[in-house]
Every structure is written in C-alpha cells, then in structure tokens.
Amino acid sequence: MAVTAVLAALNLLISVQGAVVESVPRASGSLDSWLAAETPIALQGVLNNIGSGGVFTEGAVEGIVIASPSKADPNYYYTWTRDSALTLKTLVDNFIAGASDLESTIKDYINIESVLQGVSNPSGSITDGSGLGEPKFNVDGTAFTGAWGRPQRDGPALRATAMIAYANYLIDNGQTSTAKEIIWPIVQNDLAYVAQYWNQTTFDLWEETQGSSFFTTTAQHRALVEGNTLATALGESCANCVSQAPQILCFLQSYWTGSYILANFANNGRTGLDANSILGVIETFDPEASSCDDVTFQPCSERALASHKAVTDSFRSIYSLNSGIAAGSAVAVGRYPEDVYQAGNPWYLATTAAAEQLYDAIYQWNKIGFINITSISLSFFQAIYPSAATGTYAAGSSTFNALISAVKTYADGYMSVVERYTPADGTLSEQFQRDNGVPLSASALTWSYAALLTAAARRAGTVPASWGSSKANTVPTTCSASSAKGSYTSATNTAWPTAPTSSTRPSCTPPSDVSVTFQEIVTTSPGQDIYLTGNISALGSWSTTAGKAIALSAQDYRSADNLWYVALTLPSDTAFEYKFFKNESGMIIWEDDPNRVYVVPSDCGVSTACINDSWQ
Ligand SMILES: *[C@@H]1O[C@H](CO)[C@@H](O)[C@H](O)[C@H]1NC(C)=O
Ligand SMILES: *[C@@H]1O[C@H](CO)[C@@H](O)[C@H](O)[C@H]1NC(C)=O
Ligand SMILES: *[C@@H]1O[C@H](CO)[C@@H](O)[C@H](O)[C@H]1NC(C)=O
Ligand SMILES: *[C@@H]1O[C@H](CO)[C@@H](O)[C@H](O)[C@H]1NC(C)=O
Ligand SMILES: *[C@@H]1O[C@H](CO)[C@@H](O)[C@H](O)[C@H]1NC(C)=O
C-alpha cells in the first residue's frame, strides 16, 4: 500500500474516532488486487504483535507473540501457546519460501518458548510435563495464575509442528547440529507431552468445552508422526511417538459421524458443527498425500468436504449478513452456530479457513490427478455444481476442469467475504458483527492475520512441507486407551551459531561424497545375517535380493556388543529411507515400521558420518 493511502486511512480513523469506521460493506475490487495489498499488511500485523520489536508489544519479552494489542473488552494481552505456534508455523513457511528476514523472529520465538516450557503454572510444571498444557502466559514470560479453561492439550503439538518445520529447514541446509542441539530438546518435551497426555480430556481451541476435540486430536497425531521422522533424521528416537501415534489416529476416526465431523466429545448440548473441524482439516493437510485420504481427514477427502458443507451451511440462516446468499455461494463463517460469545458472530479466521480447505483440496486433486465424487461428498459438489454426479473424473477431462473451477470460485467467495468486511486500513480484528459486518472484539488479532496469510498462500498454490501422512494412515484394528510416560528436561541451549561475517568467512567446499557408517545393534543367532535396503539405488531400491541389498558385517560382534555395520560412500545431501532386515537361510524378517529416514550431511568439512541404530 502506498504511504499516502496509509495516511489517508489514518486520517479517516482519526476523524471518525469513536464512531464506526466502516458501517457498510466496502465495494469489492478484484480479489487478486485486494490480496496483493492485504498480505503485506497482514504480515506486518503479525510482526507488530511479536516482542520486543513489535509496535504493539509494550512490556513483552523478545519472541513473545501477543494475541492482540487489546487490553480490555476483551483483554487478549497475553501469549497463547496455540495462537503463537500457528502464527510461527506461518512465518516459518514464509521464511522457507524466501522471506529470509523472518529468521531472527523465528529464533526469538524458539528461545522464549524454551523458557516458557519450564515456567511452573496452574496446569503444573515441566517435572512431569503437565505444565506444558498451560494455554497462556503473561507477556513478560511469567505464569498467568487466574482462573482459565486449562489444560489445553493442542498447544504442545502445534508448537512442535512449528519448530519441526524450521528444524527440517536447518537439516536441509547443512545445519543439522543446530537442529539437534537447540530445537530437538524443546520439541522432545512437547512430543513427550502429547504421547503421555493425548488420551486425557482437554479444553478445546475455543477454551470453552472440556472433553475431546477434533482439532486437538489432529494436531497431536500430526506432531507425533513428523516428530518421529525428525528424531530419526537427527539420529535420535521417539519410541513414544511410534507407540502412540497409531492410537491417536484410531481415536481420530471416532469423530466421524457418518455425515460430518463431530467437533467435540463433550457434554455441551451442541450439534458439534464447528469451524474447529475445518481448522483441524487444514492442520492435517499434507500436500504429498497420495490420496484424498479419509483416515487422516485430508482436505479433499469425502469426509472433510461433507463436513465443510455441514459447518458452513450451519451459518447461512443465523447471520443476517448471510441472508439472500444462494446455497452454493460463500457465506460469513463463525465458530459454531450456538456461539454466544460477544453475541455470536462470524470470525475472520473461520471464514479464511473455509477458503483454505478448498484451496488445499484443489492442490490435492491436481496432484493426485482425479476427483472422486462419492455419495458422501455428492451434496458438497452439487451445491456448487448442480449437475455433479458420483464418479471419478480424471484431470484434463472437461468435468474435472469444471469442478475445479467451481470449487475455486466458491473458495474465492469466502476470501471475498473477508475482503468485504475488512476496513480500508486492512486491520483484521477477531470478529465482524453478524448483522452489519462491523469489525468487533479484539483488534489486530495475530491469528486473524496469520490465517489470512496461509489462505492467501494456498490460493497462490504455495504449500508447506509434507508431514508424512501417507505412511501414517493405517488404523489399528482396535482402539485402546493408552499413554506412554515421558521424561522432560528444561531446554536451555539457545546459543545459535553466528554466521561469520563475509570478510572472515573461511572458504569452504561442501563435500560431494560422505562415508556413512551404518551401525545396527541387533542380537542374532548363527545362520542369521543382517542386511539393509532403502529407497535409493545405492541401497538397493528396497530389494531384498543378493547383490542389491547391502550386507552388514559381524566382524566386531561380541556377546556384550551385538554390532553389525557397513560403511558406504554416498553423495552428500541425499535424503533416503531405509530399513534393516534379517536373512535367516532365505527367510526375510523385517524391522518394524516406520521406515528410517536419513539425510547424508553436507556440512563443510564433513567426510564421514555414523548412524547408530538398534533393531526396531
Ligand atoms: C482414550 O482413548 C479411548 C480409545 O480410543 C477412547 O475411547 C477414549 O474416549 C479416549 N479418551 C480421551 C479423553 O481421549
Ligand atoms: C471413489 O469412491 C468410491 C466410494 O468411496 C470408491 O469405491 C472408489 O474406489 C473410489 N475410486 C477411486 C478411483 O478412488
Ligand atoms: C539370504 O539367504 C539365502 C540363503 O542362505 C541366500 O540365497 C540369499 O542370497 C540371501 N539374501 C541376500 C540378500 O543375500
Ligand atoms: C527417498 O526417500 C526420501 C525421504 O523420504 C525422499 O526425500 C527421496 O526423494 C526418496 N528418493 C527416492 C529416489 O525415492
Ligand atoms: C555413534 O557411535 C559412535 C561410536 O561407535 C560415536 O563415536 C558417534 O558419536 C555416535 N554417533 C551418534 C550420531 O550418536
């Protein structure tokens, strides 16, 4: 936005102080041009709310994300673990996509969260992990001790996801040791918390309902899956991630009613139609998903689409803002139809979420190469494309193209609703009034800005990294109540390596090949041999046949040290998956899932690496 436009907007605000700034919807321009202006405002809006440099963060310590500058009616001048984590995930994804100036903010966040993990609070302390479920803290980093809906068990999972995204970036950029020494100890606490407490009741993301919450469960499943992958890449392990993730996935299935996602298991007298489920679907979005997987509730799955329709339809008749809008056109979306907070209004972040799910789905259909309309998703499609019929439509067919176009128009409709009720200066509050669209409740809400940014990015086809859903979608045959007790240690290392200045930077040629020694501790009996194979040709491309799979040596095997090993020269920076297997006179015995993952180091000066595994 030009400086003059900003000044004009400020003048408008000043001249009408106390009055309603925008009492009528603005005429919508093109959505493209509005988003081009609004996204930098939203990014600045986020940064304005992050201490200590943010203009609205008086008294906040470095890295603290305030929820909103609003200190009264309502007072949101706190830092919430959930809002901060979702916001930082957005910043990390933007950073990876090229916004390099965001890295110092990401590090500040990681530093302060490592401190907050150790702050004892009314939910508990780090000793047994219970304190990690505390929903919010004061902006100076001290515990908030007033009454509140606690614990909220989505926070640690979301924080792990934000930090894992950055850790994976570091690994991909030759900074594995930084990821391991600084980020892993923090993430490990959060993963331990999820694995230990996922099967206990929680307050939901709206802080009102105690029970079990779809959004929370999706976030927990995702975090343990990608947490275990990170652990492996760092030469660490997360056995509790491995044991608990399938059980969380099992429990996740129970939210499906047959026609929509029930947002909560709780005695709250509601229908269970709630933007909670749309936000959960966005959380579980995996751009690399190999199908429109129902089990992980992918955005393009029949379950997620049917639920999108049920949730958004629930707001059509209750807000006068939505009256006269045809079925199949986008509406203003709130949290849940029974909402009475601030008299129950549409929320910006719920409305952008309705758009974002559909942009995600479009990405998936294009990638997977077809749309499958089923009896479950049929009504979603028919509302926006009346001649839709069950069947499979291949990419490139005219029906596929027409369906994509209808979904895109529908998704853009939600963004246009947000555009219509955003004031000229671009500020995004928490809500807009259900009858006249005037912004209300907390002003400059960090999460509203972050939600606008992610929806706009998905609209532009920019997607985050995969979290591995396609290898984590096997539901155990029986669900059981479970928990794995973890151990917790305050993470104290915040000594980020400083890059040498260019004048003193030593010259460095990254290695082209690295000698990687695979060590596997595995007890074998005579006649059993150990091999490894993996997804790259140097490891045999998953073959178990002689000459392709790699044989390990038992030369140093002792009864006190059951070591098998082999050294291989591999190109640096190669990502691969692998597994060990036993060969007992031709009978192949595999290690348990998941596949192991490794990236050959590419750090300057490295010529050897050692992977220490034991039979799983
Ligand atoms: C714990 O898990 C079991 C099995 O999935 C489920 O029946 C129960 O509702 C869960 N309880 C909570 C609070 O998550
Ligand atoms: C489409 O969905 C139907 C109903 O769930 C299923 O039977 C069929 O296998 C699906 N087709 C494809 C190509 O996924
Ligand atoms: C496994 O053992 C059998 C029988 O000893 C042998 O023929 C086969 O080549 C072995 N497999 C590998 C991968 O070496
Ligand atoms: C092997 O697996 C890694 C990690 O999942 C992946 O990044 C890589 O692209 C795969 N390589 C091949 C050749 O499939
Ligand atoms: C693996 O074990 C060797 C000793 O056998 C040790 O020198 C090395 O540091 C270990 N590597 C990791 C990543 O723990």
Side-chain angles (χ1 to χ4, degrees), residues 133 151-154 157 168 171-172 194-204 209-221 225-226 228-230 232-233 243-256 262 264-267 286-288 290 465-472 475-484 524 526-553 564 566 570-571 573-590 593-600:
Q152 294 178 20
R153 304 193 196 277
D154 54 347
N168 285 334
I171 292 170
D172 290 347
V194 173
Q196 182 166 353
Y197 295 102
W198 72 269
N199 201 205
Q200 296 188 20
T201 57
T202 176
F203 274 85
D204 70 336
T209 289
Q210 191 171 16
S212 298
S213 173
F214 177 79
F215 175 79
T216 303
T217 307
T218 56
Q220 291 173 330
H221 178 245
V225 171
E226 60 186 349
N228 183 57
T229 306
L230 174 65
T232 309
S243 73
Q244 299 305 300
Q247 280 306 323
I248 301 178
L249 184 67
C250 206
F251 180 49
L252 186 66
Q253 308 311 305
S254 59
Y255 292 93
W256 177 243
L262 185 78
N264 295 293
F265 290 108
N267 189 14
D286 187 337
E288 303 289 325
S290 52
S466 170
W467 59 269
S469 69
S470 295
K471 294 191 190 101
V475 183
T477 41
T478 354
C479 297
S480 46
S482 72
S483 163
T524 45
Q528 286 184 330
D529 293 314
I530 299 297
Y531 294 81
L532 72 83
T533 185
N535 75 330
I536 54 173
S537 57
L539 299 183
S541 305
W542 291 123
S543 171
T544 57
T545 58
K548 291 195 172 158
I550 309 291
L552 275 69
S553 162
W564 288 77
V566 65
L570 297 170
D573 204 29
T574 307
F576 60 87
E577 297 178 19
Y578 67 104
K579 248 190 189 179
F580 297 94
F581 64 88
K582 290 182 186 166
N583 184 2
E584 187 177 334
S585 318
M587 188 175 75
I588 305 297
I589 305 166
W590 285 99
D593 283 337
N595 294 339
R596 301 174 183 275
V597 184
Y598 187 71
V599 182
V600 180

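As the structure is a computational prediction, the values presented were derived from the model and not from experiment. All ligand and atom numbering here is 1-based and tracks the order in the structure.
Distance from atom 14 (O) of ligand 3 to its nearest protein heavy atom, with residue and atom name: Tyr531 OH, 2.8 Å. Of the protein's non-hydrogen atoms, Asn199 ND2, 3.8 Å is the one closest to atom 8 (C) of ligand 1. Nearest protein heavy-atom contact of atom 4 (C) of ligand 4 is Glu577 OE2, 3.5 Å. Of all protein heavy atoms, the one lying nearest to atom 13 (C) of ligand 4 is Asn535 O, 3.6 Å. When only non-hydrogen protein atoms are considered, atom 5 (O) of ligand 1 lies nearest to Cys479 CB, 3.6 Å. Ranking the protein heavy atoms by distance from atom 7 (O) of ligand 4 puts Ala575 CB, 3.6 Å first. Looking at atom 1 (C) of ligand 3, its nearest protein heavy atom turns out to be Asn583 ND2, 1.5 Å. The protein atom (non-hydrogen) at minimum distance from atom 9 (O) of ligand 1 is Phe251 CE1, 3.5 Å.
Atom numbering of ligand 1 starts at 1 in the shown order; those under 4.0 Å from a heavy atom of Ser480 are 4 (C). Of all the atoms in ligand 3, the ones that sit under 4.0 Å from a non-hydrogen atom of Thr544 are 13 (C). Near Thr545, the atoms of ligand 3 lying under 4.0 angstrom from a non-hydrogen atom of the residue are 13 (C). Ligand-side atoms of ligand 3 in range of Ala546: 9 (O), 12 (C), 13 (C), 14 (O), range being under 4.0 angstrom from any heavy atom. Short contacts between ligand 1 and Ser212, defined as distances under 4.0 Å to a heavy atom of the residue, involve ligand atoms 12 (C), 13 (C), 14 (O).
Counting only heavy atoms, the protein gets under 4.0 Å from atom 11 (N) of ligand 3.
Contact annotation: for Gln200 versus ligand 1, heavy atoms closer than 4.0 Å belong to the backbone alone. Residue Asp529 does not touch ligand 3, judged by heavy-atom distances below 4.0 Å.
A distance-only check finds a donor-acceptor pair linking the side chain of Asp286 to the backbone of Gly468 [under 3.5 Å]. In terms of modelled atom types and a separation under 3.5 Å, the side chain of Arg153 and the main chain of Thr201 share a donor-acceptor contact. Here the side chain of Ser483 pairs a donor or acceptor atom with the backbone of Gln196 at under 3.5 angstrom. Panel note: side chain Thr574, backbone Val600; no donor-acceptor pair is recorded below 3.5 Å. The backbone N or O of Ser212 sits nowhere less than 3.5 Å from a side-chain atom of Thr202 that would complete a donor-acceptor pair. Within the 3.5 Å criterion, the main-chain N or O of Ser213 finds no donor-acceptor partner in the side chain of Asp204. Between the side chain of Ser470 and the backbone N or O of Ser290 there is at least one donor-acceptor pair closer than 3.5 Å.
A heavy-atom separation below 4.0 Å is not found between Cys250 and ligand 1.
Aromatic ring orientation, Trp467 versus His221: perpendicular (interplanar angle above 60°, classes split at 30° and 60°).
In this structure, the ring of Phe214 has its center no less than 6.0 angstrom from the ring center of Phe265.
For ligand 3, the polar-atom distance check against Ala549 finds no nitrogen or oxygen pair separated by under 3.5 Å.
Neither side chain, Ser480 nor Ser482, offers a donor N or O lying under 3.5 Å from an acceptor on the other.
Put simply, the side chain of Trp542 reaches to within 4.5 Å of the side chain of Asn535, judged on heavy atoms.
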